[in-house]
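Here is the structure we will look at, set down as structure tokens.
Start at 1 and go down the list; that is how both ligands and their atoms are numbered.
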Amino acid sequence: MGYDAKFRIWRGDTDAGGLEDYTVVVNEGEVVLDIIHRLQATQAPDLAVRWNCKAGKCGSCSAEVNGRPKLLCMTRMSTFTEDEVVTVTPMRTFPVIRDLVTDVSFNYAKAREIQSFTPPEGLGPGEYRMKQVDVQRSQEFRKCIECFLCQDTCHVVRDHEENKQNFAGPRFLMRVAELDMHPLDVAERRDTARTEHGLGLCNITKCCTDVCPEQIKITDNALIPMKERVADRHYDPLVWLGNKLFRR
Ligand code: FES
């Protein structure tokens, strides 16, 4: 059975905006993105929303539902009571373009700052040999759909615009960790994690892990191990000496 739901949606652009109220029909089994589409079809044809797969795999429909970073296509209406007002706002950490669409180019800039996978010199295509056990740990990180909800919720940048320049954010610190754990990658990752990507600013509150739609344990499995590797290099005197003498 359908029912009438109350929605409050942020409408506006780079100059100004605010919350607008709508009443819209909800049918059984629907998700928030269905309701946004119904609004576009019936009441607000110019409502801007970014989406693509409607299957939780493209990472496009990221926004905030009742203040929580969420994929609109994976947020079931059945998680709200029928008399609850559902508020949908754009991701707060990134500049608004229009309505629910934000400019996430910050993330692409951070991605470009990370040195790409660097195999040993002279290793030709087809000569890569790894065992499953070698990639077991980093394989989890490949599930990332780049929805940027972890980047949105991370308080290091969410409330501190001034940190954006020096902090890659959880998604890209996880990428650095993934490459550092890769058995064939020979690039120096530990110094740059600290000096260029701002690993030290992460204080492991696990907000990123809480919002990850792929349930990747970003903090426990990527950021904390990376911090330990950096600490080993810089603060263990024997490792420090060994690194000075035999650094790869
Ligand atoms: Fe692709 Fe939601 S539309 S993740």
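Of all the atoms in ligand 1, the ones that sit under 4.0 Å from a non-hydrogen atom of K57 are 4 (S). Atoms of ligand 1 lying under 4.0 Å from any heavy atom of C73, numbered from 1 in the order shown and given with element: 2 (Fe), 3 (S), 4 (S). Short contacts between ligand 1 and N52, defined as distances under 4.0 Å to a heavy atom of the residue, involve ligand atoms 3 (S). Annotation for ligand 1: atoms under 4.0 Å from non-hydrogen atoms of G56 are 4 (S).
Metal site remark for atom 2 (Fe) of ligand 1: C147 contributes no N, O or S atom at a distance under 2.8 Å. Residue contacts to atom 1 (Fe) of ligand 1: C58 brings an N, O or S atom closer than 2.8 Å. Distance check for C53 against atom 1 (Fe) of ligand 1: an N/O/S atom falls below 2.8 Å. For C61, the nearest N, O or S atom to atom 2 (Fe) of ligand 1 falls under 2.8 Å.
The shortest distance between side-chain heavy atoms of R190 and M226 falls below 4.5 Å.
In terms of protein heavy-atom proximity, atom 3 (S) of ligand 1 is nearest to K54 N, 3.1 Å. Protein heavy atom closest to atom 4 (S) of ligand 1, with residue, atom name and distance, is G59 N, 3.3 Å.
Atom CD of Q132 sits in a crowded spot, with more than 12 heavy atoms from other residues, nucleotides or ligands closer than 6.0 Å.
When each of N107, T102, D152 is tested with T93 by the rule side-chain hydrogen bond (donor to acceptor under 3.5 Å, both in side chains), just one qualifies, namely D152.
Atom CH2 in W10 sits 13.5 Å away from atom CZ in R92 (nearest 0.5 Å).
Using cut-offs of 30° and 60° on the angle between ring planes, the pair F148 and Y108 is perpendicular.
Using a cut-off of 4.0 Å between Lys/Arg side-chain N and Asp/Glu carboxylate O, K6 and D21 are scored as not salt-bridged. A salt bridge links E30 to R38: one of the charged nitrogens lies within less than 4.0 Å of a carboxylate oxygen.
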